Amino acid sequence: MAQTMSTTELAEKIINYEETTILDVRNTEEFDDWKIEGGNVEIINEPYFNLLDGVESIGDKLDKDKEIIVVCAKGGSSEMIADLLEEAGFTNVYSLEGGMKAWSEHLEPVKIADLKDGGELYQFVRLGKGCLSYFVESNGEAAVIDPARMIDVYIRFAEEKGVQIKHVLDTHLHADHISGGRKLAEETAGSYYLPPKDATEVTFNYQPLQEGNDIMVGNTQVSVQPVYSPGHTIGSTSFIIDDAYLLTGDILFVKSIGRPDLAGFAEDWVGDLRETLYSRYKDLSKELIALPAHYTFAEELGKGGQVSARLGDLYEKNTGLQVENENDFRKMVTENLPPQPNDYQAIRETNMGKINPEHEKQKEMETGPNRCAVEG
Amino acid sequence: MESTKILDAKGLACPMPIVRTKKAMQELNVGDVLEVHATDQGAKSDLTAWAKAGGHELLQDTEEDAVLKFWIKKG
């Protein structure tokens, strides 16, 4: 029997840029749509059903003594192929436990910084989907921003740190993944904050995020300062943490910018997006470190797993911020957009509390890549 | 739809629906139609891709009460 590898072990390899060889045995259509990326990953695809009569076809492509991680959708086919590879003389083969379904759920905590008056800021990297969430802790208290559906991860992390989650915030109503915000706030008896303009149809109570109403974490001066920054959604709100970190949500990414079309109002929201990126953000300190809610390209994932950039550098390098002509900008963010995320309508309705799909269904709704960005 | 043989792969997880289908197909003649019943959602795209790669023709597929049915003509 071939050995298995956990998603945690694989995540460590990727963020540490270790040489990682992956054999993805899903069918080619699924592979082309969404696969493991980042770090120093070399990946080849050969559907498992082509290997049932023998693995010779890939024998030439792979070194028999090299570490090979076999991956499939849920972990069943990869286990079988890993066994077949061992029988064929491969010596260092693993099957990824739980497959892409488990990979889609893995969250890797990465420390971003120590804060001025004590406390720490962490980024939780969801490597399988490119989603980023944040954990701010100070003096026994914590705030979680844009939490994923897997809320146990944040609860365990808070326990390990000996802090209590008091505040849970979403920068906007998400369309690409199911927010863990409301449930996490319920479980921890914390407050759940949403931008009121994104929450007009929600079926539950929440605290409105408003400029001027800073949220204090712990009794030290770690403030979470809301900045209204519409465009991806009409309510999108950014946060300045500790006067040094700008959580941009889905408005501005490291190599791209947010798309305005996921709620069906691209034409109406494009002006807001322009205003936020070319005026509001421009007035902020260039020294702020931008921390987005997503990354799209493997090269955005830095060594150690961080996804971040100095705001001033983004104004020089991010192609989405270099479009002087307003009409060109309008065209860029409304035409030739990438496909919309899988099940994005149902995901939005789930995040509003309008529908409540069962756990397995929620997992399936989220499988696949995130597509929240527009490339300049 | 008429079929030469019916394969019940309900309740089986990936990769078993394909493994069984492949085996059942070996026992049929060219032009025969194999009807496959499965409950694993992944079977849909995998069977489609497998049939194409093997030169078989997926004539029809349906989904009723969480049971996926496929009719594959041996090529």
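Every chain is numbered from 1 and lettered A, B, ... according to where its sequence line falls, protein lines coming before strand lines. Since the structure is predicted, the reported quantities are computational estimates derived from the model, not experimental observations. FYI, side chains are in, hydrogens and waters are out, and symmetry mates aren't considered; it's all heavy atoms of this structure.
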Determine whether more than 12 heavy atoms belonging to other residues, nucleotides or ligands lie under 6.0 Å from atom CD of A/Glu12.
-> yes

Considering only heavy atoms, which portion of B/Ala13 lies under 4.5 Å from any heavy atom of chain A: side chain, backbone, both, or neither?
-> neither

Within a radius of less than 6.0 Å around NZ of A/Lys183, do more than 12 heavy atoms belonging to other residues, nucleotides or ligands occur?
-> no

Is the count of non-hydrogen atoms from other residues, nucleotides or ligands lying under 6.0 Å from A/Glu18 atom CD greater than 12?
-> yes

Side chains of A/Glu30 and B/Ser45: do they bring a donor and an acceptor to under 3.5 Å?
-> yes

Begin from the C-alpha positions of B/Lys22 and A/Asp53 and carry the test salt bridge (Lys or Arg N to Asp or Glu O under 4.0 Å) through to its verdict.
-> CA-CA 10 Å; B/Lys22 194 169 178 293; A/Asp53 293 329; 2.6 Å; yes

Would you call B/Asp46 and A/Tyr48 a side-chain contact if the rule is heavy atoms closer than 4.5 Å?
-> yes

Nearest-0.5 Å distance, NZ of residue B/Lys52 to CD of residue A/Glu29 | 8.5 Å

Just how far is it from atom CG of A/Asn27 to atom CH2 of B/Trp50, taken to the nearest 0.5 Å?
-> 13.5 Å

Kindly check if the number of other-residue, nucleotide or ligand heavy atoms within 6.0 Å of CD (B/Glu63) is above 12?
-> yes

When every non-hydrogen atom of B/Cys14 is compared with those of A/Ser77, the smallest separation belongs to SG-OG, 2.9 Å

How about B/Lys73: does its NZ atom have over 12 heavy atoms from other parts shown lying under 6.0 Å from it?
-> no

Just wondering, are more than 12 heavy atoms of other shown residues or ligands nearer than 6.0 Å to CD in B/Glu2?
-> no

Are any of the side-chain heavy atoms of A/Lys74 and B/Asp40 separated by less than 4.5 Å?
-> yes

Within 6.0 Å of NZ in A/Lys35, more than 12 heavy atoms from elsewhere = yes

Indicate yes or no: at least one non-hydrogen side-chain atom of A/Leu52 is less than 4.5 angstrom from one of B/Ile18.
-> yes

